[in-house]
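Comments concern the structure below.
Start at 1 with the first residue, then count along the sequence. Both ligands and their constituent atoms are indexed starting at 1 by order of listing.
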Amino acid sequence: MLRPNMNYRELKDSYLFYNIAKKTREYTDAHPGIHIYRMGIGDVSLPLASSVIDALHRGVDDQAKKDSFRGYMPECGADFLKETIKGHYGRRGVDILNDEIFISSGASDELGNILDLFDRSSSALVIEPAYPAYVDASIMAGRRIIHLPAGDWNGFLPLPSKDTEGDLIYICSPNNPTGAVYSRDMLKKWVDFANSRGSVILFDAAYEAFIEDEDVPHSIFEIEGAETCAIEICSLSKTAGFTGTRLGYTVIPRSLIREGMCFNDMWVRNRTTKTNGVSYIIQRGGAAVFTEEGIKEIGEAIKYYKENARILMRALDDARVWYCGGKNAPYIWLRCPGDMGSWEFFNLLLHRIQVVGTPGVGFGAAGEGYFRLSSFGSREDTKEAAERMRELLVSL
Ligand code: PLP
């Protein structure tokens, strides 16, 4: 008889965004017409860059003509897009081959699918608080999860110790939700650890474009030794506003080998079996992101979000609230004042000043007592929310 994948029973219901929406709706129903300042949003609010839009239009036109029409695309991605990504890495001093780049429909897809490469008996180390997909995708695959709690005592950037285990190691830097970023030396410790025990790091670089400090690595492959222990998963969602357009890329070095098996070859085999690639039109749009014009335009959008982050951080500084992130990331992670719990603080902000953020406990138990603010909102709302928070927090 057919048996369902019983691992799904182990999944906790994800109440986070459902509960946020429900509580907000209850409040607006009771206060019709009231404006809510949405600072919890993890989606971008600015439209695509005009160079991307132009490239998408040209892609559509290509599909209308016999000579330029494209049918199935290469499963692992078009060379014209891989070339631009290779150039992007090259500008950071990282040399990768076209064959080491895999074009995807986004980081979420890859974070789940890539687990096909590893035996089910291999454990997954998740640094928490964490992007919920790491835990959920690992549970679905029936993996043992090792939770490594992070806290303000280590700036939410834990390092491996002699007791650390984990065959797969999830590292997200800049981090969602904490906004914390690993330095070069810290990442080197994780790379040495992974190489010493044969682990593989799944490096989530979804927010690399937000890094502004010169010495902070954008890619795990800026770290010596990473080519034998890491896979990097990237996305154009936050880099270039592709959350609804869907495009990402994954880098698997040819030298990542365990027990004689080359993970790059395995992923080629996987992709050529399980996908027929990403749409030609979308890949054309993606290739515009890393042109001179594209880089300039996406830089402007990121600047806008960063100014939002600065506005929020100034308010928290004035109110002497502890936080991390905001500088090299679009998220600000703050400690709820007066030992409040995450949901208690959520209710306070909603009911007193109509600001909605994300309770930290939604990212794992280590997030209790913390709260995430996002810089992806509109400037007007961000300014008003910051002002309201400053006044409220100072008065507590
Ligand atoms: N990884 C992290 C850390 C994220 O925060 C997100 C989206 O919010 C993703 C991956 C998923 O990105 P994508 O839109 O490319 O699926």
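A donor and an acceptor atom, one from each side chain of E75 and T275, are nowhere located under 3.5 Å apart. Residues S342 and E368 bring a donor and an acceptor atom of their side chains to less than 3.5 Å of each other. H88 and E208 share a side-chain donor-acceptor pair at under 3.5 Å. Side-chain polar atoms of R70 and Q63 form no donor-acceptor pair below 3.5 angstrom.
Listed by number with element, the atoms of ligand 1 under 4.0 angstrom from any heavy atom of R246 are 13 (P), 14 (O), 15 (O), 16 (O). Residue-ligand proximity, N176 to ligand 1, at heavy-atom distances under 4.0 Å covers atoms 3 (C), 4 (C), 5 (O). Interface atoms of ligand 1 facing S108, defined by a heavy-atom separation under 4.0 Å, are 11 (C), 13 (P), 16 (O).
Partner of N98 under the side chain to side chain donor-acceptor pair (under 3.5 Å) criterion, out of E83, K82, K86: E83 alone.
Between Y323 and Y331, the ring centre distance reaches or exceeds 6.0 Å. Residues F203 and Y170 keep their aromatic ring centres 6.0 Å or farther apart.
In this structure, C172 has a heavy atom closer than 4.0 Å to ligand 1. In this structure, E110 falls outside the shell of residues with a heavy atom less than 4.0 angstrom from ligand 1. Ligand 1 lies nowhere less than 4.0 angstrom from a heavy atom belonging to T243.
Of the protein's non-hydrogen atoms, Y131 OH, 3.4 Å is the one closest to atom 9 (C) of ligand 1. Protein heavy atom nearest atom 14 (O) of ligand 1, with residue, atom name and distance: S237 OG, 2.6 Å. Looking from atom 3 (C) of ligand 1 to the surrounding protein, the closest heavy atom is D204 OD2, 3.2 Å. Counting only heavy atoms of the protein, atom 8 (O) of ligand 1 lies nearest to K238 NZ, 2.9 Å.
Considering backbone and side-chain N/O of A107, one or more are found under 3.5 Å from N/O of ligand 1.
Counting heavy atoms only, Y207 comes closest to atom 5 (O) of ligand 1 of the residues Y207, F242, Y331, Y134.
The shortest heavy-atom contact between A55 and R284 is CB-O, 3.5 Å.
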